[in-house]
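The shown structure was predicted, so the numbers you read here are calculated from the model rather than taken from an experiment.
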Amino acid sequence: MKYHDGSPVKLGDIVTIPLRDCSAKARVVMLGDTREHLDIDKKFLDWVESDKTLLEPSYVVVEWVDRNPLAHNDPKYAPVGNYMFTQLDECVISDA
């Protein structure tokens with residue numbers, strides 16, 4: 001896998017993810033093309049592996065490094081986990 005600038009993606013890379021009101025740091029924990037992964041939550045990994053369509057080859061799974069910028073306490077909405085699927089487009093910037 002490669003970032004938009006052509007540099008290779010590695011497990012453990014720290015990236016900046018732009019959001020509507022801010023940007024946040026995240027760590028690459030799973031690669032969509034090879035399905036290689038770091039030591040991540042077993043239930044999450046089992047869920048991803050149980051449905052091969054969840055993680056497309058051009059996507060990665062990231063885990064928020066600091067506070068989850070999408071977390072909320074509103075009971076009207078589903079809780080938000082610490083993992084996110086994202087495509088490696090020009091907005092995802094490697095901090096390497």
Response to the item:
Here the pair of heavy atoms bringing A78 nearest to H72 is O-NE2, 2.8 Å
Response to the item:
For R35 and V48, the nearest pair of non-hydrogen atoms, with its separation, is NH2-O, 3.4 Å
Fill in: Spatial distance of atom CZ (F85) from atom CE (M30) [nearest 0.5 Å]
8.0 Å
Practice prompt. Indicate, with yes or no, if L19 and V92 share a hydrophobic cluster defined by side-chain heavy-atom contacts under 4.5 Å among Ile, Leu, Val, Met, Phe, Trp and Tyr.
Written response: yes
Discussion item. Hydrophobic clustering (ILVMFWY, side-chain heavy atoms < 4.5 Å, transitive) - are F44 and V62 grouped together?
Written reply: yes
Discussion item. If hydrophobic clusters are built by linking Ile, Leu, Val, Met, Phe, Trp and Tyr wherever their side-chain heavy atoms come under 4.5 Å apart, do L38 and V60 end up in the same one?
Written reply: yes
Fill in: Euclidean distance, Y59 OH relative to L88 CG, rounded to 0.5 Å
10.0 Å
Practice prompt. Say whether V29 and L45 are linked into one hydrophobic cluster, either directly or through other cluster members, by side-chain heavy-atom distances under 4.5 angstrom.
Written response: yes
Item to complete: Could you pull out the closest heavy-atom pair between P8 and Y3, with the gap in Å?
Response: O-CE1, 3.5 Å
Worksheet item: Which pair of heavy atoms, one from E49 and one from K52, lies closest together, and at what distance?
Response: OE1-NZ, 2.8 Å
Worksheet item: What about V9 and I40, same hydrophobic cluster or not, with Ile/Leu/Val/Met/Phe/Trp/Tyr joined at side-chain heavy-atom distances under 4.5 Å?
Response: yes
Worksheet item: Taking N68 for the side chain and G81 for the main chain, is one N or O donor matched with an acceptor at less than 3.5 Å?
Response: yes
Discussion item. Return the CD to CD1 distance between E63 and I14, rounded to the nearest 0.5 Å.
Written reply: 9.5 Å
Discussion item. Taking D41's backbone N and O only, do any of them form a donor-acceptor pair with Y83's side chain (distance below 3.5 Å, no angle check)?
Written reply: yes
Worksheet item: Of the non-hydrogen atoms in V15 and S94, which two are nearest, and what is the gap between them?
Response: CG1-CA, 4.0 Å
Discussion item. For the CG atom of D13 and the CG atom of L31, what is their distance to the nearest 0.5 Å?
Written reply: 9.0 Å
Practice prompt. Please test M1 against E36 for side-chain contact (heavy atoms from CB on, under 4.5 Å), starting from the C-alpha separation and ending with a verdict.
Written response: CA-CA 11 Å; M1 297 192 80; E36 289 179 90; over 6 Å; no
Worksheet, complete the sentence: d(D51 CG, D46 CG) to nearest 0.5 Å is 13.0 Å
Item to complete: Would you check, one step at a time, whether the test side-chain contact (heavy atoms from CB on, under 4.5 Å) holds for M84 with L70?
Response: CA-CA 10 Å; M84 184 178 85; L70 304 175; 4.2 Å; yes
Worksheet entry | Exercise: do S7 and K2 side chains pair donor with acceptor under 3.5 Å | no
Response to the item:
Heavy atoms of I17 and A26 approach each other most closely as CG1-CB, 4.1 Å
